[in-house]
2 protein chains.
Amino acid sequence: MKRKPTIHEVAERAGVGIGTVSRVLNNHPAVRPETRARVLKAMEELGYTPNPHARRIAGGRSYTVSVLLPFVATEFYRRLLEGLEGVLLEKRYDLALFPILSLARLERYLESTTLAYLTDGLILASYDLSERFEGGRLPTDRPVVLVDAKNPQYDSVYLDNRLGGRMAGAYLARFPGAVFAIKVEEEPDRVFRHTVFSERMAGFREALLEAGRPFPEDHLYVTRLSPEGGRLALRHFLEKASPPINVFAGADQVALGVLEEAQRLGLTPGKEVRVLGYDGHPFTEELGLSTVAQPVEAMGARAAQLLLERMQGYAGPPRAVRFEPTLIERSSTAPSKEAPYVP
Amino acid sequence: MKRKPTIHEVAERAGVGIGTVSRVLNNHPAVRPETRARVLKAMEELGYTPNPHARRIAGGRSYTVSVLLPFVATEFYRRLLEGLEGVLLEKRYDLALFPILSLARLERYLESTTLAYLTDGLILASYDLSERFEGGRLPTDRPVVLVDAKNPQYDSVYLDNRLGGRMAGAYLARFPGAVFAIKVEEEPDRVFRHTVFSERMAGFREALLEAGRPFPEDHLYVTRLSPEGGRLALRHFLEKASPPINVFAGADQVALGVLEEAQRLGLTPGKEVRVLGYDGHPFTEELGLSTVAQPVEAMGARAAQLLLERMQGYAGPPRAVRFEPTLIERSSTAPSKEAPYVP
DNA sequence: CTGAAAGCGCTTACAG
DNA sequence: CTGAAAGCGCTTACAG
């Protein structure tokens with residue numbers, strides 16, 4: 001395999017100095033359009049791509065951003081990364097992912113030796129770090145943006161999960177039949193714990209209360225995040241009440257299992273068993289699963305923008321960007337078009 | 001926050017040239033022990049740590065290794081990384097983790113722009129890549145080592161899962177009562193599919209056959225990898241046969257659910273329900289869960305060694321290192337000490 | 001608008 | 001065994 005072309009070869013081919021090549025690389029305005037075009041062409045022909053290590057050494061920027069995220073494999077993080085990547089790649093930034101498998105690892109990430117620390121900025125997903133670090137601040141001088149989490153010390157992009165829970169409660173309260181809910185359990189051994197599931201459930205209870213609908217304790221089923229948890233939950237609920245019943249599944253993954261089990265039992269979703277998910281993941285559409293949708297990609301994109309601004313020197317106070325969920329009604333709660341939902 | 005110290009400051013403090021500092025950094029033999037000691041002391045006092053970007057630029061090595069692994073959060077990968085880190089950190093190499101969320105991402109990892117590609121070597125975990133890339137080779141000129149996977153083109157470290165399945169089958173065949181098994185389903189949308197669960201089950205069936213024990217089709221329950229899957233499985237099995245029954249759970253995670261459900265139903269593990277897991281994860285010990293244990297940490301360590309050799313220039317033919325599992329008998333299959341298992 | 005030069009933090013022959 | 005120098009692939013004032 002032959003060596004990667006360098007800036008020198010590009011310069012030679014384009015008939016310019018290496019400084020000029022560097023300028024087009026960095027979108028410096030002081031380059032004549034024709035010159036720029038020639039350089040771009042040379043890069044194209046050579047298959048040139050800049051060496052981030054050299055950029056880091058020379059200019060102090062490596063054009064890569066670290067994303068620290070929980071080591072849980074869900075559609076949520078897939079979508080979040082899509083949102084982040086969308087805006088970052090466009091600005092020619094690269095992402096380095098750092099799944100947090102343990103606290104020791106997180107700390108190592110933040111040590112100065114590791115590459116993670118040597119990137120230009122950090123996105124921290126889903127963790128409330130205030131309890132873990134002194135003063136709630138990460139030991140880094142790089143800009144940091146939180147997403148799916150909130151902290152007064154950093155720019156944060158988050159969803160109002162309590163509102164989402166309230167929407168779910170108000171919606172299901174309209175229907176006849178008992179109301180049930182599934183709460184996703186936080187893993188006890190998870191390095192950091194996030195509170196999204198509790199928040200959803202708190203909002204849900206509030207809304208039911210306001211609607212005057214009873215919600216006895218044994219109408220709540222707690223399980224880990226898995227479709228099988230949803231299956232077990234539905235079996236449990238059917239021992240408590242007869243159809244029609246209404247189930248707020250707390251997460252689309254779990255709602256999927258409720259649908260699977262309903263089908264196995266010959267119960268019609270949207271009729272005998274109304275199921276409402278949470279997340280708005282792509283797969284809900286083809287399943288006809290009603291859901292409280294989070295604009296995950298948009299949240300990721302926004303977080304990336306905030307970080308970009310910080311990396312470009314913005315030094316204002318921490319910003320908190322709040323997103324709201326949307327309830328999407330599909331056949332799992334409303335088989336017919338007769339009664340479209342109007343909040 | 002003040003700037004990181006550089007090699008120059010270390011040199012000055014130690015009263016030597018920067019070349020000498022670099023030599024002790026790289027364990028070059030031609031350094032007088034006293035000089036080395038002085039330099040080390042200066043580094044210590046300054047809190048010096050070398051800049052990997054500069055090292056990469058200057059010497060062609062960044063002392064970081066990329067680990068590409070599936071984005072599935074299991075104890076298995078946690079242990080694997082421990083094994084890898086153990087030997088790599090000792091040799092002053094750093095790890096960069098690249099969870100493979102999608103095929104597009106894998107390909108981007110391997111493009112020359114990204115940091116992943118710019119590390120010194122690659123560890124690829126659990127994926128059989130022969131179907132995905134032309135000629136079964138990754139588009140990189142860095143050394144590559146596979147772990148928990150096997151490919152004739154690369155150094156591979158793998159477990160004999162078929163043997164593990166056979167051991168499980170031969171072991172459970174000794175007991176009275178019907179034999180059941182849980183097969184973990186491969187996620188259809190997983191970028192690459194690994195075959196470990198099928199291999200285990202194939203070995204299991206073989207051993208039962210050889211032992212003359214029947215294994216009807218409906219004694220196999222298929223589920224995703226989750227404790228809840230194990231709970232559903234046990235309920236299913238108990239509709240097919242009365243205790244005592246024997247369950248090969250295929251994975252410790254799933255076996256955990258079988259134990260949970262047995263407890264819920266008031267059935268005694270090791271007596272009414274014998275449960276055998278697979279993986280040998282740490283949590284099995286305190287649960288008293290019998291399991292077919294994989295030496296995951298050792299596999300990781302071995303893979304790291306192979307990669308280290310390659311990075312140091314070893315150019316021999318691909319090596320395949322096979323590991324064997326061990327059956328650990330605990331109370332979930334043998335409540336008393338009366339009949340210790342001797343294969 | 002552009003080139004030549006200095007410098008980023010290292011490594012590595014080259015001399016001594 | 002060790003220092004001084006050249007060079008890795010870039011960026012960025014500095015002159016023009």
Side-chain angles (χ1 to χ4, degrees), chain A residues 3-40 42-43 46-64 92 94 112-113 115 117-118 120 311-312, chain B residues 2-40 42-43 46-64 92 94 112-113 115 117-118 120 311-313:
Chain A
R3 272 183 44 266
K4 285 186 55 181
T6 73
I7 204 174
H8 288 98
E9 296 162 56
V10 175
E12 187 177 20
R13 186 177 193 104
V16 299
I18 63 163
T20 300
V21 176
S22 179
R23 277 177 209 108
V24 347
L25 231 35
N26 294 290
N27 285 315
H28 192 106
V31 179
R32 207 149 34 110
E34 309 141 42
T35 315
R36 172 184 303 278
R38 240 184 322 139
V39 172
L40 254 17
M43 294 206 263
L46 256 26
Y48 170 80
T49 143
N51 181 325
H53 292 115
R55 300 184 89 174
R56 183 63 166 139
I57 280 296
R61 266 181 305 187
S62 57
Y63 287 90
T64 107
R92 294 167 146 281
D94 224 320
S112 46
T113 328
L115 278 177
Y117 181 90
L118 298 170
D120 304 341
M311 293 191 300
Q312 284 160 195
Chain B
K2 60 179 185 304
R3 271 183 46 266
K4 284 185 55 179
T6 73
I7 203 174
H8 288 97
E9 296 162 57
V10 175
E12 188 178 20
R13 187 178 192 102
V16 299
I18 62 162
T20 299
V21 176
S22 179
R23 276 177 211 108
V24 347
L25 230 36
N26 294 289
N27 285 315
H28 191 106
V31 179
R32 211 155 26 118
E34 309 142 42
T35 316
R36 173 185 304 278
R38 241 182 323 138
V39 171
L40 253 16
M43 296 206 260
L46 256 27
Y48 170 80
T49 143
N51 182 324
H53 291 115
R55 301 185 89 176
R56 183 61 166 140
I57 280 296
R61 265 180 305 186
S62 56
Y63 288 89
T64 109
R92 295 167 145 283
D94 223 323
S112 45
T113 327
L115 278 177
Y117 181 89
L118 298 169
D120 304 341
M311 293 190 301
Q312 283 159 198

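Here is the naming used below: chain letters follow the sequence lines, and residue numbers restart at 1 for every chain.
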Answer yes or no: does a side-chain N or O of [X] lie under 4.0 Å from OP1 or OP2 of [N]?
| X | N | answer |
| --- | --- | --- |
| B:Thr20 | D:dT2 | no |
| A:Ser22 | D:dT11 | yes |
| B:Asn51 | C:dC10 | no |
| A:Arg32 | C:dT2 | yes |

[N] [atom2] sits how many Å from [X] [atom1], rounded?
| X | N | atom1 | atom2 | answer |
| --- | --- | --- | --- | --- |
| A:Arg38 | C:dC1 | CZ | P | 14 Å |
| B:His53 | D:dC10 | NE2 | C1' | 13 Å |
| A:His28 | C:dT2 | NE2 | P | 10 Å |
| A:Ile18 | C:dC8 | CD1 | C1' | 13 Å |
| A:Glu12 | D:dG9 | CD | P | 14 Å |
| A:Arg92 | D:dC10 | CZ | P | 13 Å |
| A:Leu46 | D:dG9 | CG | P | 13 Å |
| B:His8 | C:dC10 | NE2 | P | 9 Å |

Check your understanding: Mind checking who C:dA13 pairs with, Watson-Crick or G-U wobble, both distances under 3.5 Å?
Key ->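 C:dA13 is paired with nothing.
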Check your understanding: With both distances under 3.5 angstrom, what nucleotide forms a Watson-Crick or G-U wobble pair with D:dA4?
Key ->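 Result: none.
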Is there a side-chain contact between [X] and [Y] in this structure, where contact means two heavy atoms from C-beta onward sitting under 4.5 Å apart?
| X | Y | value |
| --- | --- | --- |
| B:Met43 | B:Val24 | yes |
| A:Pro5 | A:Tyr48 | yes |
| B:Thr20 | B:His28 | no |
| A:Val10 | A:Arg13 | no |

From C-beta outward on [X], which listed nucleotide comes closest to its side chain: [options]?
| X | options | value |
| --- | --- | --- |
| B:Ala58 | D:dC10, C:dT12, C:dG9 | C:dG9 |
| B:Thr35 | D:dC1, C:dT2, D:dG3 | D:dC1 |
| A:Tyr48 | D:dC10, D:dT12, C:dC10 | D:dC10 |
| A:Arg55 | D:dT11, C:dT11, D:dT2 | D:dT11 |
| B:Arg23 | D:dT12, C:dA13, C:dT2 | C:dA13 |

Check your understanding: Among side-chain atoms of A:Asn26 and A:Arg55, is any donor-acceptor pair under 3.5 angstrom?
Key ->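 A:Asn26 vs A:Arg55: donor-acceptor pair found between side chains.
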Check your understanding: When you match B:Val16 and B:Ile57 each to their closest nucleotide on DNA chain D, which lands nearer the 5' end?
Key ->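 Closer to the 5' end of DNA chain D: B:Val16.
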Check your understanding: What distance do A:Thr64 atom OG1 and A:Asp120 atom CG have between them, rounded to the nearest 0.5 Å?
Key ->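 These two atoms lie 6.0 Å from each other.
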**Study point:** 5' precedence on DNA chain C between A:Pro29 and A:Gly19 (nearest-nucleotide basis)
**Key:**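 Looking at DNA chain C, the more 5' nearest nucleotide goes with A:Pro29.
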